[in-house]
Amino acid sequence: ELTQKANLRSCWSEPIKSSTGKVLGTFAIYHRQPKQPDKHDIARIESAGNYASLAIERQQFINNIVGLQHHNQMILDSAGEGIYGVDLEGKVTFANPAAVQMLGYELAEIIGQPQHVKIHHSYPDGTPYPREKCPIYRAFVDGNTHHINDEVFWRKDGTSFPVEYTSTPIRDERAQLTGAVVVFKD
């Protein structure tokens with residue numbers, strides 16, 4: 001009935017298949033006159049189906065990545081311990097709400113900043129803490145996990161608090177060091 005109202009007399013369709021062969025949908029071309037497709041028409045509709053498949057699979061991939069990012073962010077945001085990451089320069093790449101709250105900073109004040117200078121610059125007695133001796137720094141230099149339970153972190157307001165932390169190296173898919181993740185509690 002709809003085809004009659006639209007004055008359509010023929011339809012060619014091609015299944016849109018994923019790279020694994022799963023049918024994702026159908027690509028169709030309608031004509032107002034009865035017509036048989038020739039080899040060029042068939043090649044065009046197959047090509048259109050392939051392009052549609054690529055676009056659909058790309059969007060599904062993006063949706064999956066966004067979903068995973070959202071899920072991981074929810075986990076990070078829900079953790080009661082402070083968690084932050086540093087790159088190979090020791091600059092903060094991310095921090096969860098617990099870390100930001102315990103340190104007294106706004107997130108924007110520490111992202112991209114050297115963590116050692118901001119929060120781990122001094123021993124409990126106030127004497128300077130050399131970066132080279134810092135276990136957080138050492139994790140992304142020597143590639144080992146360091147667990148410390150007798151140091152302090154320094155808040156934005158200049159006060160310190162006793163902290164227990166673990167600094168674990170982060171490695172990429174080629175096992176190259178890319179930074180460290182620090183989990184701490186006061």
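Both backbone and side-chain heavy atoms feed into the values below; hydrogens, waters and symmetry mates do not. What you see is a predicted model, and the numbers here were worked out from it, not measured in a lab.
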The ring pair (Phe, Tyr, Trp, His ring centres under 6.0 Å) partners of Tyr129 (sequence neighbours excluded) come to His116, His120, Tyr123
Does the Thr26 side chain pair with the main chain of Glu14, one donor and one acceptor, at a distance under 3.5 Å?
no
Just do the side chain to side chain contact (heavy atoms under 4.5 Å, CB included) check on His146 and Arg138 with the steps written out, would you?
CA-CA 8 Å; His146 298 271; Arg138 287 199 325 256; 3.6 Å; yes
Interatomic distance, CD@Gln59 vs CG@Asn64, rounded to 0.5 Å, equals 10.0 Å
Distance-only donor-acceptor hits, side chain of residues 75-95, under 3.5 Å, sequence neighbours excluded:
residue : atom : partner : partner atom : Å
Asp77   : OD1  : Gln73   : NE2          : 2.8
Ser78   : OG   : Met74   : O            : 2.8
Tyr84   : OH   : Gln115  : OE1          : 3.0
Asp87   : OD1  : Glu89   : N            : 2.9
Asp87   : OD1  : Gly90   : N            : 3.1
Asp87   : OD1  : Lys91   : N            : 2.9
Glu89   : OE1  : Lys91   : NZ           : 3.2
Thr93   : OG1  : Gly85   : O            : 3.3

Interatomic distance, CG@Asp41 vs CD@Gln36, rounded to 0.5 Å, equals 10.5 Å
Self-check item: Any donor-acceptor pair under 3.5 Å from Arg32 side chain to Ala6 backbone
Solution: yes
TODO: Would you kindly confirm whether Val117 and Ile110 end up in one hydrophobic cluster when ILVMFWY residues are joined by side chain heavy atoms under 4.5 Å apart?
DONE: no
Taken to the nearest 0.5 Å, the spacing of Ile119 CD1 from Ser160 OG works out to 12.5 Å
Worksheet entry | Under 3.5 Å: donor-acceptor pair, side chain of Glu57, backbone of Ser19 | yes
Ala98 meets the side chain to side chain contact (heavy atoms under 4.5 Å, CB included) criterion, sequence neighbours left out, with Asn96, Met102
- When you look at Ser53 and Lys17, which way does the side chain to side chain contact (heavy atoms under 4.5 Å, CB included) test go after all the steps? CA-CA 6 Å; Ser53 172; Lys17 294 183 179 178; 5.6 Å; no
Besides Ile56, the hydrophobic cluster formed by Ile, Leu, Val, Met, Phe, Trp and Tyr side chains linked at under 4.5 Å, directly or via other members, contains Trp12, Ile16, Leu24, Phe27, Ile29, Ile45
Compare all side-chain heavy atoms of Glu109 with those of Lys156 and state whether any distance is below 4.5 angstrom.
yes
Here the gap from Arg58 atom CZ to Leu54 atom CG, rounded to the nearest 0.5 Å, amounts to 10.5 Å
Sorted by chain and residue number, the ring pair (Phe, Tyr, Trp, His ring centres under 6.0 Å) partners of His147 (sequence neighbours excluded) come out as none
- Taking C-beta and beyond as the side chain, do Trp154 and Ser122 meet within less than 4.5 Å on heavy atoms? yes
Rounded to the nearest 0.5 Å, the OH atom of Tyr137 sits from the CG atom of Asp142 at a distance of 10.0 Å
Would you find a donor on one side and an acceptor on the other, under 3.5 Å apart, between the side chain of Asn72 and the backbone of Gln69? no
Handout entry: Heavy atoms from other residues, nucleotides or ligands near CZ of Phe161 exceed 12 (cutoff 6.0 Å)
Key = yes
Co-membership, hydrophobic cluster, residues Tyr105 and Ile111, 4.5 Å side-chain:
yes
Check: Are the side chains of Glu151 and Pro135 in touch, meaning some heavy atoms are under 4.5 Å apart?
Finding: yes
Kindly list each side-chain donor-acceptor pair under 3.5 angstrom involving residues 174-186, sequence neighbours excluded, with atom names and distances?
residue : atom : partner : partner atom : Å
Thr178  : OG1  : Ile170  : O            : 3.3

d(Thr168 OG1, Phe140 CZ) to nearest 0.5 Å is 13.0 Å
